[in-house]
A.B. asks: 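What follows is a structure written as structure tokens; I'll ask about it next.
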Amino acid sequence: MSDTKTPAITCRNVWQVFGPGAETALTDALARSGDDADVAAQELREQGLIPAVQDANFDVQEGELFVIMGLSGSGKSTLIRCISHLLHATGGEIRIDGENIVEASKARLIELRRKKLGMVFQHFGLFPHMTVLDNVAYPLRVQGTKKSDRHAKAREVIELVGLKGREHHYPRELSGGQRQRVGIARSLVADCSVWFLDEPFSALDPLIRRQLQDEFLQIQEKLKTTIVFITHDINEALKLADRIAIMRDGKIVQIGTPAEIVLHPVDDYVREFSKDVAKGQHAHVASVMNTGEAMVYGADDPGLRKDMTLDAALARCMDLYEPVPVHDDSGKVVGVVNPADLAAALQVETP
Amino acid sequence: MIPHLTKGAIAALITLAVGVICLVLQPAVPWIAKWPAAWVLPATDWVGAGLTWLLEGVKPVARAFSAMMYYPMLWANIALTSTPWPLVIGAVAALGWILGGLSMAALGFLGLSFVLASGYWVESMNTLALVAVSVPLALLLGGAIGVLANEHPRIKSGVQAVLDVMQTVPTFAYLTPLLLLFGFGPVVGLIASAIYAAPPMARNVLLGLERVEPEIKEAAVMSGGTRFQQLFQVEIPSASTQIMVGVNQCLMAALSMVIIAAVIGGFDDIGWEVLLTMRKAQFGQALLAGLVVVVFAVVIDRMSATLAQDRRVTYDRRVAWGVLAVGFLVSVLFWSSLPDPAGFETLQPLADGVDRGLTQFTTANGEWLASMKNGFLFYVLLPLRIGLAQAVLPFTWGFAWTGQMSLVLFSASAVLGVIVALRGNVTLGALLGIAAIVLVTGIANLPWLFVLVGTAALGWVSGGRRLAILSVVLLSTILLSGLWERALLSLYLSGAAVFACAVLGGTIGLLSAISPLVWRVVQPICDMLQTIPLFVFLIPVLMVFQIGEFSAFLAIIAYAIVPMIRYTRHGLTETPAEMLEAATASGATEWQILRDVRAPYAAPTILLGLNQTILYAFAMLVIAALIGTTGLGQSIYLALGQADVGLGISAGAAMAILALIADRMVQGFAEERRRALGL
Ligand SMILES: Nc1ncnc2c1ncn2[C@@H]1O[C@H](COP(=O)(O)OP(=O)(O)OP(=O)(O)O)[C@@H](O)[C@H]1O
Ligand SMILES: [Mg+2]
């Protein structure tokens with residue numbers, strides 16, 4: 001990526017260590033190990049501390065939908081709480097639009113949360129004593145917005161998430177899916193530009209989950225915010241993500257596009273995740289085609305496009321053996337792919 | 001065969017050994033049993049001097065505060081006593097309607113009508129005025145402490161420890177220093193009740209705030225709220241149910257303390273009326289006044305408890321306005337002919353009837369009642385207190401206890417103990433020996449060394465070395481301050497009462513757990529007993545058994561048995577369904593399930609009940625001093641009469657120490673059980 005714009009979020013060597021005296025212990029451990037994260041983490045564990053996030057490094061571009069995935073207890077929530085500064089990172093640097101928030105003052109943090117950040121929680125975190133309308137309007141209320149204005153804005157967002165008519169219900173009177181819609185509406189009401197979602201759909205049953213995912217994509221389409229989304233469901237990750245970061249025991253083990261994760265897992269842990277995934281539906285032709293030097297291809301042109309899924313592409317060249325051209329949206333040939341490679345990419349790897 | 005010795009066995013054996021040594025050496029070295037008077041430090045005097053000096057310093061501030069509080073009290077008083085009574089009744093009924101609909105409105109109406117009919121209207125309003133001023137103070141104080149402790153995690157454990165201690169300091173002990181600070185008068189009752197009622201509020205506020213779901217707190221943070229906004233707009237409202245539980249407890253504690261504070265007199269309130277009639281042995285009248293107190297307690301408790309309900313129904317306000325308007329209209333229409341509320345004598349015949357009935361009852365049944373009371377005193381309480389060696393007299397038992405008898409008892413227990421020990425249960429064997437020693441010497445005469453070692457051993461078993469050391473250090477302060485004998489007397493009476501509560505309450509709790517029918521009868525009784533202010537328990541026992549230790553014993557049991565019943569039942573019924581199903585599927589009978597599944601699972605809960613029972617017993621012990629007990633309670637009461645701060649505070653502290661040690665030990669056992677169950 002040759003993007004010169006400042007990334008929306010930058011994480012550099014972010015650590016979160018739980019336990020007494022974590023900060024000094026981390027500094028010491030890093031000094032002793034010569035900045036080797038794995039050695040330092042091991043040493044911290046031996047001291048009885050919990051390195052819940054170890055040396056996280058990544059950028060999230062503006063408008064990107066960045067998914068963090070991992071098993072339960074792998075540190076996903078901890079990481080997202082560091083970025084949203086619900087937890088003060090033990091070490092490292094976190095920049096939002098270039099501003100280091102680890103060092104931000106209290107007042108500045110409140111300012112940021114009012115203007116820039118929004119968050120959705122796994123168990124909704126709704127205020128039990130407020131109606132849907134008041135819940136959603138709350139972020140405006142703390143800013144001192146006039147009641148009529150904030151209610152008008154809240155009604156807009158409530159309509160956006162499809163809860164019109166429920167404004168005066170209390171959270172306890174809603175179903176799980178409806179509650180999470182309230183949570184989403186509340187996080188959107190103040191027009192955030194960075195949106196954190198911590199397993200927003202995990203507590204819901206599969207049908208509702210799929211429905212909310214679709215609506216979520218529509219909202220994202222409309223708002224184009226930068227999103228950090230947490231899930232432990234690979235299908236959800238593949239469906240939503242521009243890029244995925246996979247965490248294990250506090251460490252980010254791989255960052256990549258859905259296709260990269262599915263087609264080129266770095267280790268068995270990642271491979272295990274994508275084992276049962278229908279890869280053909282998630283990887284695109286672009287990820288297996290050859291570009292550059294000699295674009296030699298045969299006479300047949302089944303009309304492959306680079307953003308076609310592998311399944312669709314394979315269906316078109318079932319009985320072809322020679323390399324075929326791949327076109328972009330304008331019809332220009334941008335690469336070549338050998339049908340045999342398409343099939344090979346779909347093979348379940350046996351290590 | 002030497003069986004492997006458990007911690008408990010070692011502790012019991014050491015205690016037994018020390019006990020035997022004390023008994024054997026006692027004739028030769030008397031100081032091993034009885035702490036010599038020469039070794040006593042004049043600690044009470046020091047405490048007295050120190051505190052007096054301190055209090056003198058604070059006095060100007062206190063007096064200023066007292067002067068300041070004078071006005072709100074006066075206003076509340078005037079407001080309540082000069083408002084025409086139909087309006088007051090209407091207002092309470094209207095409030096009842098808003099809080100809980102028809103049932104609460106009816107409760108308010110009937111309750112206050114009863115108060116009116118009793119002729120104690122003015123005294124009741126005086127009491128209510130005190131409560132009305134002290135409760136807001138207590139709520140503010142408690143709420144502020146709770147919030148501050150929540151905001152500053154560093155002071156949290158400290159605050160909690162102080163609240164724990166405050167819970168164990170007996171009510172009367174608060175009064176003496178306050179008396180010195182504020183002088184005689186109702187303001188002492190006011191301050192005492194505010195101080196006494198603040199801790200439950202603080203506890204519940206803290207608990208409620210801690211229990212707010214983390215995600216709710218985080219949502220408030222991410223919404224961009226300042227800390228102030230987070231706290232007051234999100235966290236406190238989310239914790240409202242728990243906080244309302246605190247308000248309810250705070251109200252009850254304040255009422256209870258206002259009634260108790262009547263012992264210092266100077267204020268024409270209902271507690272004073274109870275005390276006065278009780279002293280004059282006008283029991284019918286005392287019962288009537290006591291019932292007024294109970295009615296107040298029930299009305300306040302039930303109405304405020306609706307605030308803590310999870311899902312509150314809203315009732316049509318217009319009805320409340322209507323009720324209020326009726327009260328107003330009645331007041332206005334009959335303004336000149338409104339009867340004087342103090343002049344009502346509707347219930348007077350009842351009081352007289354009770355008196356007459358009581359006289360009849362005692363003349364008819366006096367004999368067997370007295371023989372029952374004396375029998376219990378001579379054959380149970382007295383031997384426990386001064387031991388068989390002194391309690392067995394020709395006059396009561398028909399023969400005198402001799403040294404040989406002690407020897408026989410000791411050898412019998414030794415033989416039995418050894419047999420039991422050889423069969424594998426060393427702890428029980430040693431305990432048999434210890435029991436024989438206690439039985440012969442009596443709790444009040446136990447050698448101090450034996451008590452110290454025994455306490456240390458118990459502390460070690462229940463809570464490890466730290467608790468053992470803490471207990472010994474604390475007990476030593478009592479020993480050094482010269483309050484030892486009184487402490488042992490308190491220990492004996494409360495110990496006997498707690499034991500009776502454990503057996504009786506445990507049985508009732510068990511029955512309630514087995515049969516829902518029994519629980520349906522027992523539950524309202526428990527609810528009632530828990531609502532009645534301490535003071536009122538004295539009236540019925542006094543009516544039947546007159547002044548004395550036996551009456552005190554009964555009053556303590558009546559008050560302290562409730563937690564034992566509740567927790568036992570709760571523990572036995574809360575066993576997880578899968579465990580019961582697993583047991584049933586294994587083919588266990590009902591009885592086997594109870595013994596093998598329910599009881600072990602309930603053990604920690606039952607121990608907590610026992611813990612509560614102990615604390616309740618200590619609280620009542622002090623109040624029972626009014627009807628004649630010896631020991632620390634009596635000292636505290638006497639100190640109050642003589643405004644002797646040193647004695648009052650020292651005796652109060654000694655009482656708190658005993659309660660604290662008992663509390664920690666039982667908690668330790670409960671914790672150990674819980675860990676054993678993996679909870
Ligand atoms: N406040 C804390 N104190 C100590 N340890 C913590 C704390 N919060 C989290 N941890 C530990 O950090 C690790 C990561 O926890 P985290 O909640 O981030 O996992 P997660 O990936 O979000 O899991 P899940 O999918 O279950 O939500 C866990 O081992 C957890 O026990
Ligand atoms: Mg999580």
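Below, read A as the first sequence line, B as the second, and so on, with proteins coming before strands; counting in each chain starts at 1.
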A.B. asks: So for A:H123, is it side chain, backbone, both, or neither that comes closer than 4.5 Å to the heavy atoms of chain B?
C.D. replies: both

A.B. asks: Which bit of A:Q122 is near chain B, if near means a heavy-atom gap under 4.5 Å: side chain, backbone, both or neither?
C.D. replies: both

A.B. asks: Side chain, backbone, both or neither: which part of A:L117 has an atom under 4.5 Å from a heavy atom of chain B?
C.D. replies: both

A.B. asks: Out of A:H85, A:R141, A:M130, A:K106, which one racks up the most heavy-atom pairs below 4.5 Å with chain B?
C.D. replies: A:R141

A.B. asks: How far apart are the closest heavy atoms of B:M222 and A:F196, and which atoms are they?
C.D. replies: CE-CD1, 4.3 Å

A.B. asks: Side chain from CB out, backbone as N, CA, C, O: work out which of these in A:L112 comes under 4.5 Å of a heavy atom of chain B, or both, or neither.
C.D. replies: neither

A.B. asks: Give me the atom names and distance for the closest heavy-atom approach of A:P128 to B:I216.
C.D. replies: CD-CD1, 3.8 Å

A.B. asks: Out of curiosity, A:I110 CD1 to B:Q230 CD, how far, rounded to the nearest 0.5 Å?
C.D. replies: 7.0 Å

A.B. asks: Counting only heavy atoms not in A:R108 (residues, nucleotides, ligands), do more than 12 fall under 6.0 Å from its CZ?
C.D. replies: yes

A.B. asks: Looking at A:E62, I want to see if its CD is surrounded by more than 12 non-hydrogen atoms of other residues, nucleotides or ligands under 6.0 Å.
C.D. replies: no

A.B. asks: List the atom of B:V221, the atom of A:R113, and the distance in Å for their closest heavy-atom pair.
C.D. replies: O-CD, 3.1 Å

A.B. asks: Find the distance between CZ (A:F127) and NZ (B:K217) and round it off to the nearest 0.5 Å.
C.D. replies: 12.5 Å

A.B. asks: So which part of B:S240 gets closer than 4.5 Å to some heavy atom of chain A, the side chain, the backbone, both or neither?
C.D. replies: neither

A.B. asks: Within a 6.0 Å radius of atom CZ on B:R302, are there more than 12 heavy atoms belonging to other residues, nucleotides or ligands?
C.D. replies: yes

A.B. asks: Looking only at non-hydrogen atoms, find the nearest pair between B:E215 and A:F124 and report the distance.
C.D. replies: OE1-N, 3.4 Å

A.B. asks: Give me the atom names and distance for the closest heavy-atom approach of B:A219 to A:R186.
C.D. replies: CB-NH2, 3.2 Å

A.B. asks: Of the non-hydrogen atoms in A:F121 and B:E218, which two are nearest, and what is the gap between them?
C.D. replies: CE2-OE1, 3.3 Å

A.B. asks: Would you find more than 12 non-hydrogen atoms of other residues, nucleotides or ligands less than 6.0 Å from B:R227 atom CZ?
C.D. replies: yes

A.B. asks: Can you tell me which portion of A:Y170 sits under 4.5 Å from chain B's heavy atoms? Options are side chain, backbone, both or neither.
C.D. replies: neither

